[in-house]
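Accompanying notes for the structure given below.
In the text below, chain A, chain B and the rest are named by the order of the sequence lines, each starting its count at 1.
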Protein chains: 4
Amino acid sequence: MNQTAPKSAPKSAAKPVKRDAAASKRRILKAALAEFAAHGHAGARIDTIAEKASVSKPMIYSYFGDKEELYKAALRESYVQIRQGERKLKLEDLSPEEAVRELVGFTLRHFVSKPWFVSMLNTENLLGGDAIRQIGDVAEIQSPLIESIRQFLKRGAAAGEIRDDVDPVELYITIASLCYFPVSNKHTLRAVFKVPIDDDWLDQRAAMISDMLTCYLRRTPPAS
Amino acid sequence: MNQTAPKSAPKSAAKPVKRDAAASKRRILKAALAEFAAHGHAGARIDTIAEKASVSKPMIYSYFGDKEELYKAALRESYVQIRQGERKLKLEDLSPEEAVRELVGFTLRHFVSKPWFVSMLNTENLLGGDAIRQIGDVAEIQSPLIESIRQFLKRGAAAGEIRDDVDPVELYITIASLCYFPVSNKHTLRAVFKVPIDDDWLDQRAAMISDMLTCYLRRTPPAS
Amino acid sequence: MNQTAPKSAPKSAAKPVKRDAAASKRRILKAALAEFAAHGHAGARIDTIAEKASVSKPMIYSYFGDKEELYKAALRESYVQIRQGERKLKLEDLSPEEAVRELVGFTLRHFVSKPWFVSMLNTENLLGGDAIRQIGDVAEIQSPLIESIRQFLKRGAAAGEIRDDVDPVELYITIASLCYFPVSNKHTLRAVFKVPIDDDWLDQRAAMISDMLTCYLRRTPPAS
Amino acid sequence: MNQTAPKSAPKSAAKPVKRDAAASKRRILKAALAEFAAHGHAGARIDTIAEKASVSKPMIYSYFGDKEELYKAALRESYVQIRQGERKLKLEDLSPEEAVRELVGFTLRHFVSKPWFVSMLNTENLLGGDAIRQIGDVAEIQSPLIESIRQFLKRGAAAGEIRDDVDPVELYITIASLCYFPVSNKHTLRAVFKVPIDDDWLDQRAAMISDMLTCYLRRTPPAS
DNA sequence: TATGAATGAGGGTTCATTCAT
DNA sequence: GATGAATGAACCCTCATTCAT
C-alpha cells in the first residue's frame, strides 16, 4: 500500500505540486498572463488558461472570481514582473550620457524579452483603461525607476553636463515611446516598411536613440 | 452593366440609398472599422456591425466572406484612410527644421484624430500580424510619405543644413514612435504616471519632439 | 428536384412548421410552461424546453431574452390559459345555490385538468412573487370571473335568498382555497393521510364544499 | 468512547459547541430546511447550507449522504417541527364550536409562523411526492392531531350538538385547505386581487372560516 | 473528526454563420 | 439583392461531489 507514500521518495515529481493552493494560484496567474497577452481580453479562453495551468476551471473561479478579475490580476502581475526586472538596473555611478545609454538599452531589451508586458498594455489601452484604473497601487510599482532617473538628471545638471529643465517622467515617456513602438508594432512595421525587426536592427536603434537623447540633453534649454 | 449607373436612370431614384451595393459595402466597412478598433478582433461583434451599417448580417457575409476577411478589409481600410489624410501634408517648400516640425505636428494630430488607426495597429500586432501579411499592397500605400521625407532630407543635406546619413524610414519610425506611444497608451500613462494626455500636453510634447529631432539632425554624424 | 416542393403536397407534415416565427414562439411558450411547472424555476432546463419545442436554444433567447423573462412569459401564459377556460363558465341564469355548486365543480375540475397552473402558482409563491409583480395586466386577466360572481351574489341577495354581506373576492378565495389544496397537495395528502385523491374523492369533495358554502351563504349575517 | 461524553471530562470544555456531532447535525438540518424552503429543491445550494450551519461541506455528505437524502431529512424535519407545535393544542375541554374556532385559529397561525412548512409542502408536491413516499413514519407523525379532532367530533355528536357524519380527516383537510391557501399563495393573491394578506385580514378570515364550519357542522346531514 | 483543495458534468448564454424565402 | 429565421459550437460560470491531509 505504499503507492501513496511519497514520503520515502520526496524527489519523485510524479504528482507535481498537488494540493498546494499558493502554487496553483501562481500557475493560474502565469497562464492567464500568457493567454491574455497572446489573444487579448475577449480572445483569451478560460479553458486554455486552466489547461496550461494544469488546474480545473472551477479553481480559477474560486481563486479569482471571474474573467474580469483574472484579467485585472494578470495586468497587475505584468507590472509587478516588469518592476522586478527594473530593480536590476543601476544608474547611480554613471555619467548622464552613460546612464541614458544604459537606460535605453535596458528598456529596449526589457520590452523585447517581456513581450507579454507590451501586449498587456496594448490590450488594456484598447479597452479604455477601465481595468488599470481599478488597480490601486500601479503608480507605486513604477515609481522607483522614475526616482532613479530623477537622480542622475539632477546630478548631471548640477555638474553642468546637461540641461536642468528635464522632467524625469517626460524623459521616461520619451525613451519608452522610442523603445515600445518597434517592439509593439513589429509585425506591421515589417509588413509596411519591409524592416526586419531583429536583434541587429534593435541594437542599431538603441545606439541611435541614445545619440539623439544625449544630443538633446546636452543642449542648453531654449531661451523662451 | 448599367446596374451601378443610376445616373442614366433617374426614374428609379425613389429610394435614395437603398439597393446601392457600393454604398452598403462602404457602410459595412466603416462600421467594421469602428467595431474592430473599439473592441479588438475577438471582441468585435458581427451583429453590431450589421446594425451600425443598417444592413442584414447575410449582406456582410455575401460581401466579405467571413469575419476574418472583414477584419482584413477593415485593417486595409484603416491604412487607406490614413493615407488619404497624409496627402494633405506638403513638405516641399519647407526648410528641414520646418519640415520636421510640420511632420511631427501633423503625425501627432493625425494619430489623435484617427484613434481607430492606432487601435487597429494595436490589435493587428497583438495577433501576430497574420492579417497584414496577407494584404498585398499595404507597402505601396505608405510609400508616398516616405518619399516626401526622403526629398526634404536630401535637400537639407545638399544644402549642408543637416547631416546626410539619415534614412527616411528610420526617421519616420522615430517620429511615429514618439507620436504613437502617448496616443496609444493614453490610459495606462494617465493611470501610472498621473499624466493627463490632453491637448496642452500633446502640444508641448510636439514641440519637445521637434526640438530633439532638430538637434539630432543638425549634428554631424559620429566618426564611426 | 421536387424534394423541396411541398407545394404540391401541402398536407404532408414532413417538415412541420418551419420558418414560422409565431408558431415557434408558441411552441416555446408551451414547452416552457410545461417545464417550469414540472420542475420549478431552478429545476427547469432550457435544453429540455428547446428540445420539446423543436427549436434550438438560441431561438429561445432571441424570442424571450433570458430564462427569467421566459419564466415570466410562462407564468403569464398560465393565467391567460386559465382565463380562457373560465370564459366557458356561465352563471347568469342560475340560482345562487346552483351557481355556487357550478362554480365549485368547475373550479375543482379546472385545477385538476390544468395542473401546470397550480404548479406555476406554487413555484411563483415559493420564490416570493417577484415575477408576478412585474406582470402588469394579471389583475385584469382574472377580473371577469370576479365580476360574474359579484352578479349572482347581488341577484341572490336582492331576492332575499342569501345574505348580502359577502364579498366576491373573499368568496372566490374561499372556493379557490378549498379546490386548490387537494390538487396542489395531492401527493403529501396521500402519503400522510392515506387519502387517494382520485375522481371519486374529488366528486364527493365538490359536493361537500358546495354544501358548506350554501349553508354559509343562506345564513343571516351575525349581528355584530 | 468518552469522546462524545464531555460531561465526564469537564477539562476539555474549552470549545463549547465544537466536536459535537449531534449539534452539527442539528445545525445542518436547520440550515437545510431554511434553504430548501426558500429556494426549492433545485434552487437550494449545498454551499449555502454549509455556510449557514457553520460546517464544511464534507460534513454534510458524511452525515446525510447526498443532496437528495438531505432534502428528505429536511422534509421530514419540517413535519417533526410542525408536530411539536401541534402538541400545544388542547381541544379536550372545549365545546365543538369552541374547538373548531380554536383549531382554525391555531392552524392559520401555525402556517403563518412556520412558512418553511408550507414551502416544503409546495416543493415536495411540485416534484411529485417522490421523497415523502420514502419517509416511512410521516403518517404517524400527524395522527395525534387527527385523533384529537375525532374526539371532539364524537363528543359533540353524542351531545347532539353537531351532525355525526363528519370524518376527522376530511374536516382537517377542509380546515387546512382554508388556512393553507392564503398563506401559500400570499404573493399571487396580492398581485392578482390586490388583497393585502396581513394580520388583520387573516384574523377576519379565521373568523369567517370558523363561522362557515360551525354552520356546516350544526346542520343535520342531508337525507341521502 | 474535520476540512481546504480540487474537479466532472452540466447550465445559461452568445456568436459566427447559414438557410429559405 | 436582401433578409427574417434558425442553429452548432463554444464560452463563461456553477454546482454537487470527492480527494487527501
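Between dC15(E) and Y61(C), no contact under 4.0 Å exists linking OP1 or OP2 to a side-chain N or O. For S24(C), a side-chain nitrogen or oxygen approaches OP1 or OP2 of dA6(F) to under 4.0 Å. The side chain of R45(D) contributes an N or O atom lying less than 4.0 Å from OP1 or OP2 of dA16(F).
In this pair, H41(B) and Y71(B) present their aromatic rings tilted. The plane angle is within the 30 to 60° band.
The nearest whole Å value for the distance from the CZ atom in R27(D) to the C1' atom in dA2(E) is 12 Å. With rounding to whole Å, K25(B) atom NZ is found 13 Å from dA2(F) atom P. Rounding to whole angstrom units, CD1 of residue I28(C) and P of dT13(E) are separated by 14 Å. The distance between atom CG of D47(D) and atom P of dC13(F), rounded to the nearest whole Å, is 17 Å. Between D20(A) atom CG and dA5(E) atom P the separation is 9 Å, expressed in whole Å. Distance CD1 (I46(B)) to C1' (dG4(F)): 18 Å, rounded to an integer number of Å. Remark: P of dC11(F) and CG of L70(A) are 16 Å apart, rounded to the nearest angstrom. One interatomic measurement links the two molecules: CD1 of I60(A) to P of dT14(F), which rounds to 13 Å at whole-angstrom precision.
Of all non-hydrogen atoms in S119(D) and L126(C), the two that sit nearest each other are CB-CD1, 3.7 Å. Residues I49(A) and I28(A) come closest through the heavy atom pair CG2-O, 4.0 Å.
With sequence neighbours excluded, the residues satisfying side chain to side chain contact (heavy atoms under 4.5 Å, CB included) with L29(D) are F64(D), A73(D), E77(D). With sequence neighbours left out, Y79(C) forms a ring pair (Phe, Tyr, Trp, His ring centres under 6.0 Å) with F117(C).
Nearer to the 5' terminus of DNA chain F, by closest-nucleotide assignment, is the contact made by Y63(C) (compared with the other of Y63(C) and G65(A)). In this structure, E68(C) and M59(D) both approach DNA chain E, and ranking their closest nucleotides by distance from the 5' end singles out M59(D). Nearest-nucleotide assignment on DNA chain E puts the 5′-proximal partner with A22(A), out of A22(A) and K67(B).
Taking only distance into account, the side chain of K57(D) never meets the base of dT3(E) through a donor-acceptor pair shorter than 3.5 Å.
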Derivation and outcome, side-chain contact (heavy atoms from CB on, under 4.5 Å), residues E124(D) and H187(C): CA-CA 8 Å; E124(D) 176 60 8; H187(C) 299 108; 5.9 Å; no

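Residues N125(A) and I132(A) have side chains not in contact (no heavy-atom distance under 4.5 Å, counting atoms from C-beta outward).
Residue contacts for F64(A): at a heavy-atom cut-off of 4.0 Å it reaches no nucleic acid atom on any strand shown. At the heavy-atom level, A44(C) lies under 4.0 Å from the strands shown only through sugar-phosphate atoms.
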Dot-bracket summary - DNA chain E, pairs being Watson-Crick or G-U whose distances fall under 3.5 Å, with | when paired to another strand: .||||||||||||||||||||

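Taking only side-chain atoms of P58(B), from C-beta outward, the nucleotide of dG4(F), dC15(E), dT14(F) with the closest atom is dG4(F).
How far NZ of K25(A) is from CE of M59(A): 10.0 Å, rounded to the nearest 0.5 Å.
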